[in-house]
Amino acid sequence: MTDAERLRRRRCIALRIAALFGVLLAAFNPRDWAIIAIGLAGAAVVLVLYWRDCRRPRDNSSHTRA
């Protein structure tokens, strides 16, 4: 495993943890709508970043390597 792969893996783990904290922040403060909105918005941003950066590439058989 190269340094770049190791850093990418750590970044993806950190994004998962951040999304979990955002959801937990919203879940444990049910009476304060501002905190709920901030927690869920933060979790949504983190999940978009996770989807963009950490998603495994699909195995597309239509593209072949030369």
Side-chain angles (χ1 to χ4, degrees):
M1 182 178 280
T2 65
D3 287 339
E5 290 172 342
R6 189 174 294 117
L7 288 174
R8 182 175 184 264
R9 182 178 170 100
R10 286 182 184 170
R11 183 175 60 243
C12 292
I13 291 171
L15 286 172
R16 288 181 200 157
I17 293 170
L20 177 67
F21 280 152
V23 171
L24 288 177
L25 179 67
F28 285 121
N29 293 301
R31 294 187 182 137
D32 192 358
W33 287 102
I35 293 176
I36 292 172
I38 290 169
L40 292 178
V45 169
V46 166
L47 289 174
V48 168
L49 290 173
Y50 179 82
W51 182 261
R52 188 188 68 178
D53 292 339
C54 300
R55 185 177 59 159
R56 292 185 184 185
R58 291 185 182 172
D59 186 25
N60 195 348
S61 61
S62 65
H63 297 295
T64 58
R65 293 184 182 189

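- To the nearest 0.5 Å, atoms CG (L15) and CH2 (W51) are separated by 14.5 Å.
- The side chain to side chain contact (heavy atoms under 4.5 Å, CB included) check on L25 picks up N29, I35, with sequence neighbours excluded.
- Listed here is the closest heavy atom pair of I36 and P30: CD1-O, 3.6 Å.
- Listed by chain and residue number, L24 satisfy the side chain to side chain contact (heavy atoms under 4.5 Å, CB included) test with L20 (two or more places apart in sequence, or in another chain).
- With sequence neighbours left out, the side chain to side chain contact (heavy atoms under 4.5 Å, CB included) criterion links A19 to V46, L47.
- Side chains of C12 and D53 form no contact here, defined as non-hydrogen atoms less than 4.5 Å apart.
- For R6, the salt bridge (Lys or Arg N to Asp or Glu O under 4.0 Å) test picks out D3, with sequence neighbours left out.
- Sequence neighbours left out, not one pair with a member in residues 33-49 passes side chain to side chain donor-acceptor pair (under 3.5 Å).
- Annotation for M1 and E5: closest pair CA-OE1, 3.3 Å, computed over non-hydrogen atoms.
- A search for side chain to side chain donor-acceptor pair (under 3.5 Å) contacts involving R9 returns nothing, not counting sequence neighbours.
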